Amino acid sequence: MQDLRIVRSLELPDCYIGAGYIRNYIWDDLHGFTRRELHSDIDVVYFNAADLEEERDYELEQELCTATGNSKWSVKNQARMHLRNGDMPYHSTEDALRFWPERVTAIGVQLHADDQIRICAPYGLEDLYALVVRKSPAFMDAVYYNERVCKKNWQQHWPKLTIVRA
């Protein structure tokens, strides 16, 4: 919750903490593990088509690192990420999440001003809670997906997972 509050204070448009930071927390809980911090970064995603400068993301990362003492922050404006990914322009953060490799990774959480949590999960939460990893329908590179899930070695950390190969 503290991280969500800090990210909320940045007042970024259409902004979420997402990916492995959220996914791994849920998987740990479903496996009965205490929180283990197995993520390599804390993904913050937002959508601002009016400011596509990558330098802004770096400045935000530094601000988060300073505020938390944690160097794992990774901030990316999804309004420009289609260029890196070779996709058509995204229209929102949720639209961008649809193109992430796995359905269980395409998730974001934000905290509203009234401390209500909003979940952005274009593919729903069923796979996440069923411990099933499968390729997102909009992510077209099956070879990359298969290599990625193999390299991540998630089943070693969460043995109840089912990995669906593309």
Side-chain angles (χ1 to χ4, degrees), residues 3-4 6-8 10-30 38-54 56-58 60-61 64 72-113 116-155 157-158 160-166:
D3 288 341
L4 287 169
I6 291 168
V7 169
R8 176 182 63 192
L10 298 174
E11 298 181 351
L12 295 169
D14 202 15
C15 181
Y16 299 86
I17 294 179
Y21 190 69
I22 304 300
R23 181 200 61 226
N24 296 0
Y25 182 87
I26 301 297
W27 284 354
D28 276 353
D29 186 64
L30 293 172
L38 292 177
H39 52 274
S40 59
D41 56 13
I42 304 170
D43 290 296
V44 175
V45 293
Y46 69 103
F47 194 89
N48 184 358
D51 183 0
L52 299 178
E53 295 299 320
E54 193 170 354
R56 177 68 177 136
D57 292 351
Y58 177 74
L60 291 163
E61 286 174 6
L64 289 166
K72 291 185 176 186
W73 293 98
S74 173
V75 179
K76 298 287 186 284
N77 182 355
Q78 299 302 291
R80 94 165 172 278
M81 295 310 291
H82 70 284
L83 298 169
R84 185 183 89 179
N85 299 336
D87 298 325
M88 295 298 292
Y90 306 137
H91 305 290
S92 66
T93 300
E94 182 171 0
D95 186 38
L97 291 180
R98 291 183 328 102
F99 291 87
W100 287 14
E102 310 88 25
R103 294 165 55 119
V104 295
T105 302
I107 184 169
V109 176
Q110 69 180 202
L111 191 63
H112 287 233
Q116 293 296 309
I117 291 177
R118 178 177 187 275
I119 298 171
C120 178
Y123 298 112
L125 300 174
E126 293 82 12
D127 282 355
L128 181 65
Y129 283 96
L131 298 166
V132 174
V133 177
R134 73 181 88 230
K135 186 178 77 59
S136 296
F139 188 79
M140 303 314 295
D141 191 341
V143 171
Y144 177 87
Y145 163 81
N146 288 328
E147 289 173 353
R148 176 179 155 86
V149 295
C150 183
K151 181 178 145 190
K152 293 285 186 178
N153 206 17
W154 286 327
Q155 284 184 308
H157 300 291
W158 298 282
K160 295 178 187 177
L161 290 178
T162 298
I163 308 287
V164 179
R165 304 287 178 200

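Owing to the predicted nature of the structure, the values given are computational and were not obtained by experimental measurement. Quick note: numbers below take in every heavy atom, side chains included, and nothing from hydrogens, waters or symmetry partners.
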Before you tell me yes or no, could you show the steps for V44 and L60 under side-chain contact (heavy atoms from CB on, under 4.5 Å), namely the whole-Å CA-CA distance, both residues' side-chain angles and the distance that decides it to 0.1 Å?
CA-CA 10 Å; V44 175; L60 291 163; over 6 Å; no
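- Atom CD1 in I6 sits 6.5 Å away from atom CH2 in W73 (nearest 0.5 Å).
- When all heavy atoms of H112 and R118 are compared, the pair lying nearest together is NE2-CB, 3.5 Å.
- Side chain of Q78 to backbone of K76: a donor-acceptor contact under 3.5 angstrom is found.
- In this structure the side chain of S40 never reaches within 4.5 angstrom of the side chain of K72, judged on heavy atoms.
- In this structure, SG on C15 lies 10.0 Å from CG on N77, to the nearest 0.5 angstrom.
- One distance of note links CG of D14 with CD of Q110; it measures 7.0 Å at 0.5 Å rounding.
- Relative ring orientation between W154 and W27 is described as perpendicular, the plane-to-plane angle rising above 60° on a 0-90° scale split at 30° and 60°.
- In terms of modelled atom types and a separation under 3.5 Å, the side chain of N146 and the main chain of A166 share a donor-acceptor contact.
- The heavy-atom pair separating P137 from Y123 by the smallest distance is CD-CE2, 3.3 Å.
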Which is it for V104 and V132 under the side-chain contact (heavy atoms from CB on, under 4.5 Å) test, yes or no, and what are the steps along the way?
CA-CA 8 Å; V104 295; V132 174; 5.9 Å; no
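- A96 approaches Y90 most closely through the heavy-atom pair CB-CD1, 3.4 Å.
- Across every non-hydrogen atom of N153 and H157, the tightest pair is O-CD2, 3.6 Å.
- Between F139 and Y145, the ring center distance fails the sub-6.0 Å criterion.
- How far SG of C120 is from CG of L97: 4.5 Å, rounded to the nearest 0.5 Å.
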L30/K160 under side-chain contact (heavy atoms from CB on, under 4.5 Å): CA gap, chis, key distance, verdict
CA-CA 9 Å; L30 293 172; K160 295 178 187 177; over 6 Å; no
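- With a 4.5 Å cut-off on side-chain heavy atoms, K152 and I163 do not count as touching.
- Distance check: F47 CZ to L12 CG gives 13.5 Å after rounding to the nearest 0.5 Å.
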Take N48 and R56 through the side-chain contact (heavy atoms from CB on, under 4.5 Å) test and state the conclusion after the steps.
CA-CA 11 Å; N48 184 358; R56 177 68 177 136; over 6 Å; no
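- Residues W100 and P122 have side chains not in contact (no heavy-atom distance under 4.5 Å, counting atoms from C-beta outward).
- In this structure, the side chains of Y46 and L10 stay at 4.5 Å or more apart for every pair of heavy atoms.
- A 4.5 Å side-chain heavy-atom check between V143 and E147 finds at least one atom pair inside the cut-off.
- With values rounded to the nearest 0.5 angstrom, T105 atom OG1 is found 12.0 Å from R103 atom CZ.
- None of R148, K135, R134, R165 except one satisfies the salt bridge (charged side-chain N to carboxylate O under 4.0 Å, His left out) rule with E102; the exception is R148.
- Considering only heavy atoms from C-beta on, I26 stays 4.5 Å or farther from W158 through its side chain.
- Put simply, the side chain of F99 does not reach to within 4.5 Å of the side chain of M140, judged on heavy atoms.
- The minimum heavy-atom distance linking R23 with L128 is given by the pair CG-CD1, 3.7 Å.
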